[in-house]
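See below for the structure under consideration.
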Amino acid sequence: MSTVICMASSKGGPGKSTLTVVLAGVYAASNYSVLIIDADAQQRLASEWYDPSRAPDTISVTTATHSTIAEKIARGREAYDVVIVDVEGSASLTLANGVYNSDCILIPANKSTMDLKDAMATAALVQQYNANSATQRAYGIVWNRVPPALKSREMDNTARTAIDAGIPIVFEVCERDAYRSIFSFSTTLNRLDKKEVPGIAKALEEGFRFAEAVAEIIVQTQQKEVA
Ligand SMILES: Nc1ncnc2c1ncn2[C@@H]1O[C@H](COP(=O)(O)OP(=O)(O)O)[C@@H](O)[C@H]1O
Ligand SMILES: [Mg+2]
């Protein structure tokens, strides 16, 4: 059975496309077949990032609009182990349809008041869909671009507000050059050149832990459904 993950936020820039490639790379390295559905009108993944000569063979990329996304996800479920949907950063039908048709919704957010406000709105959308269906979608915030060392007071406060609001926190991804480089070099983390990009090992290790955390919330949600 395949798993559909949607990177969802109604604002641009929190890291949807970056985290899509990070996860796709981890799954591909674990020999899963991966379909990335680029549902952003800018097509950053389909047109800019994807280069078949550089990306692993097990990753395919297709595009979708608000009217085709449900069908593309359904077809992706039949043919791939993992489908990752990257939507555009706006409160759109594409976002709503992507969320509706996915098993797991990851909400990337930087630890700022603005990003948190947006993340809470996206979480509320998932909660609303879950309240009206038998199958439950796993979901939660992925804090992104967290500085590896010192954290500001705003960051601490933002993190606390999310916890107080009861929104699940899936994982924290650090700010790293290696994550920027996957776009400059049109490839996945494990294929970056260690001589050209520093810190690949740490980013890779973080990517695998991120994928584990995602698997965990999916399993937890399924167990809750059964119970
Ligand atoms: N963890 C990270 N570390 C460093 N840079 C990052 C990280 N996540 C995202 N970025 C950078 O932030 C910018 C926005 O990220 P992107 O993935 O395009 O966001 P979105 O798809 O949500 O609009 C890009 O320039 C990307 O390289
Ligand atoms: Mg994007």
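Order of listing sets the numbers, starting from 1, for every ligand and every atom in it.
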- [ ] Could you tell me whether L19 and ligand 1 have an N or O pair separated by under 3.5 Å?
- [x]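 In this structure, L19 places no N or O atom under 3.5 Å from an N or O of ligand 1.
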Task: Check: S9 N/O within less than 3.5 Å of ligand 1 N/O - done: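 In this structure, S9 places no N or O atom under 3.5 Å from an N or O of ligand 1.
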Which residue and non-hydrogen atom of the protein lie closest to [atom], and at what distance in Å?
atom: atom 8 (N) of ligand 1; answer: N144 ND2, 2.9 Å
atom: atom 23 (O) of ligand 1; answer: G13 N, 2.7 Å
atom: atom 19 (O) of ligand 1; answer: G15 N, 3.1 Å
atom: atom 27 (O) of ligand 1; answer: R180 CG, 3.3 Å

Open item on the list: As a test of the contact definition, would atom 25 (O) of ligand 1 count as having a protein heavy-atom neighbour under 4.0 Å?
Closed with: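 Not a single protein heavy atom is under 4.0 Å away.
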[X] to ligand 1, any heavy atom closer than 4.0 Å:
X: G12; value: yes
X: A178; value: no
X: K11; value: no

Task: Metal site the Mg ion (ligand 2): N/O/S of S17 inside 2.8 Å - done: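 Looking at S17, which is the residue asked about, there is an N, O or S atom under 2.8 Å from the Mg ion (ligand 2).
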- [ ] Give me the ring orientation class for F210 and F171: parallel if the planes are under 30° apart, tilted from 30 to 60°, perpendicular past 60°.
- [x]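 F210 vs F171 ring planes: parallel.
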